[in-house]
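Here the structure comes first, spelled out in structure tokens, and everything after it is commentary.
Atoms within each ligand, like the ligands themselves, are counted from 1 in listed order. Worth saying up front: this structure is predicted, and the values here are computed from it rather than measured. Note that these values count all heavy atoms, side chains included, but never hydrogens, waters or copies made by symmetry.
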Amino acid sequence: MPAILAATVAEVRAALADFRRRGQLVGLVPTMGALHAGHAALIERARRECGCMAVSIFVNPIQFDRREDYEAYAIRLPDDVALCESLGTDVIFAPAAEEMYPAPQSVFVEVAGLTDHLCGRFRPGHFRGVATVVAKLFHIVAPHRAYFGEKDAQQLAVIQRMVADLNMPVEIVPVATVRDPDGLAVSSRNRRLSPEERRAAPALFQALQAAAQAVASGARSAAEAKAAALAVLEACPEIRVEYLEVVDPATMAPVEQISGPVRIAAAVWLGATRLIDNLYCPAVAR
Ligand code: AMP
């Protein structure tokens with residue numbers, strides 16, 4: 001079935017109004033396009049759960065801390081539309097930047113605390129841009145449910161907190177990280193890796209697994225878990241570590257002692273490409 005392709009706020013609202021009149025549950029999958037198997041997992045889950053499934057495709061300029069990163073971001077709208085249609089998407093919202101930001105934005109959503117660490121520390125303004133555009137998308141689409149990947153665990157936590165603190169009537173549905181067979185989390189950035197960098201990249205997941213294994217075997221200090229992960233990463237000269245942290249999953253703040261569930265999160269550089277990944281470690285009975 002062809003999807004309805006909406007480029008303006010008025011068009012997407014009109015398209016969704018028909019579904020709403022028929023009493024359909026509206027699900028939204030926000031993306032920046034260049035769709036891959038990770039996005040497909042979100043779309044398939046939304047398709048199963050919602051009578052009306054919408055995908056937004058918008059490369060959000062205000063979440064990029066580096067202009068060249070925004071300009072280099074791949075745009076593949078015809079391929080994305082084809083994938084969305086093959087997965088049964090009802091409505092695709094693909095606005096131009098001028099449609100989302102007809103004038104410079106002066107209202108922003110800041111999620112304090114949760115954004116002090118991990119990516120928030122290294123990408124100033126990034127989560128403010130993400131929370132602001134997601135808030136705008138929620139106002140435009142008014143979904144009952146919205147789907148986000150655990151691959152971006154800090155982003156997921158930021159959106160959950162925004163929705164709770166601002167009483168937004170939308171249920172946030174987390175979706176597990178989709179990985180290539182060698183463990184590398186699927187990402188649109190993986191396409192930028194050289195063949196050598198691609199060969200080295202699974203070390204990121206292997207490092208997180210080594211830390212998770214240390215936690216599961218009883219490591220009580222974050223330093224011990226981090227050392228297990230760093231040993232894996234340090235064996236790869238192609239990889240530069242930006243951060244590697246053991247954090248409290250609720251606050252995203254680094255912990256020193258491991259006494260409950262933790263998330264191990266890392267960002268690394270391979271050449272000019274930055275990759276992130278994380279693993280949840282449940283509490284271990286001690
Ligand atoms: P992006 O287009 O990169 O902004 O991502 C859009 C959504 O897809 C976000 O909720 C991401 O967390 C999610 N996502 C990206 N990669 C993956 C993956 N490998 N597995 C699951 N979800 C993902």
Q | Per-residue contact class, Lys151 against ligand 1 - non-hydrogen pairs under 4.0 Å | A | side chain
Q: Provide the number and element of each atom of ligand 1 under 4.0 Å from a heavy atom of Val186.
A: 16 (N), 17 (C), 18 (C), 19 (N)
Q | Carboxylate-amine/guanidinium contact Arg199 Glu238, below 4.0 Å | A | no
Q) Atom CD1 of Ile43 and atom CG of Leu83: how far apart are they, to the nearest 0.5 Å? A) 5.5 Å
Q | For Phe148, atoms of ligand 1 separated by under 4.0 Å from a heavy atom | A | 10 (O)
Q) Any N or O on Val178 sitting closer than 3.5 Å to an N or O of ligand 1? A) yes
(Q) I want to check something: taking the side chain as every heavy atom from C-beta on, are Phe58 and Met100 in contact at a cut-off of under 4.5 Å? (A) yes
Q: Pull out every atom of ligand 1 sitting under 4.0 Å from any heavy atom of Thr31, numbered as shown with elements.
A: 2 (O), 6 (C)
**Q.** Geometric N/O contact His39 with ligand 1, under 3.5 angstrom
**A.** yes
Q. Within a reach of under 6.0 Å around CZ of Arg240, are more than 12 heavy atoms found that belong to other residues, nucleotides or ligands?
A. yes
Q: Report the part of Pro30 in contact with ligand 1, treating N, CA, C, O as backbone and CB onward as side chain, heavy atoms under 4.0 Å; options are side chain, backbone, both, neither.
A: backbone
Q. After noting the C-alpha distance and the side-chain angles of Asp248 and Arg263, does the key distance pass the salt bridge (charged side-chain N to carboxylate O under 4.0 Å, His left out) rule?
A. CA-CA 6 Å; Asp248 177 332; Arg263 205 174 269 283; over 6 Å; no
**Q.** Asn278 side chain reached by Ile264 side chain, heavy atoms, under 4.5 Å
**A.** no
Q | Electrostatic pair Arg220-Glu224, nearest N-O below 4.0 angstrom | A | no
Q: Among all protein heavy atoms, pick out the one at the shortest distance from atom 15 (C) of ligand 1; state its residue, atom name and that distance to 0.1 Å.
A: His36 CE1, 3.9 Å
Q) Can you tell which of Ala34, Ser56, Gly38, Ser188 gets a heavy atom nearest to atom 18 (C) of ligand 1? A) Gly38
Q.
Under a 4.0 Å threshold between the charged nitrogen and the carboxylate oxygen, would Arg274 count as salt-bridged to Asp69?
A. no
Q) Which residue holds the protein heavy atom closest to atom 4 (O) of ligand 1, what is that atom called, and what is the gap in Å? A) Met32 CG, 3.5 Å
Q | Proximal atoms of ligand 1 relative to Gln155 (non-hydrogen, under 4.0 Å) | A | 9 (C), 10 (O)
Q. Quick check: does Thr177 get an N/O under 3.5 Å from an N/O on ligand 1?
A. no
Q.
Can you report which non-hydrogen protein atom sits closest to atom 10 (O) of ligand 1, along with the distance?
A. Gly149 N, 2.9 Å
Q. Looking at ligand 1, does Ala176 have a heavy atom less than 4.0 Å from it?
A. yes
Q) For Arg47, what residues pass the salt bridge (Lys or Arg N to Asp or Glu O under 4.0 Å) criterion, not counting sequence neighbours? A) Asp90
**Q.** Heavy-atom gap Arg179 to ligand 1 smaller than 4.0 Å
**A.** no
Q.
Heavy-atom pairs closer than 4.0 Å: do any link ligand 1 to the side chain of Leu42, the backbone, both, or neither?
A. side chain
Q. Nearest protein heavy atom to atom 14 (N) of ligand 1, by residue and atom, and its distance?
A. Asp152 OD2, 4.2 Å
Q: Report yes or no: is the cationic atom of Arg121 (NZ for Lys, CZ for Arg) closer than 6.0 Å to the six-membered ring centre of Tyr243, at no more than 45° off its axis?
A: no
Q: Count the heavy atoms of every other residue, nucleotide or ligand shown that sit under 6.0 Å from CZ of Arg45, and state whether that count exceeds 12.
A: yes
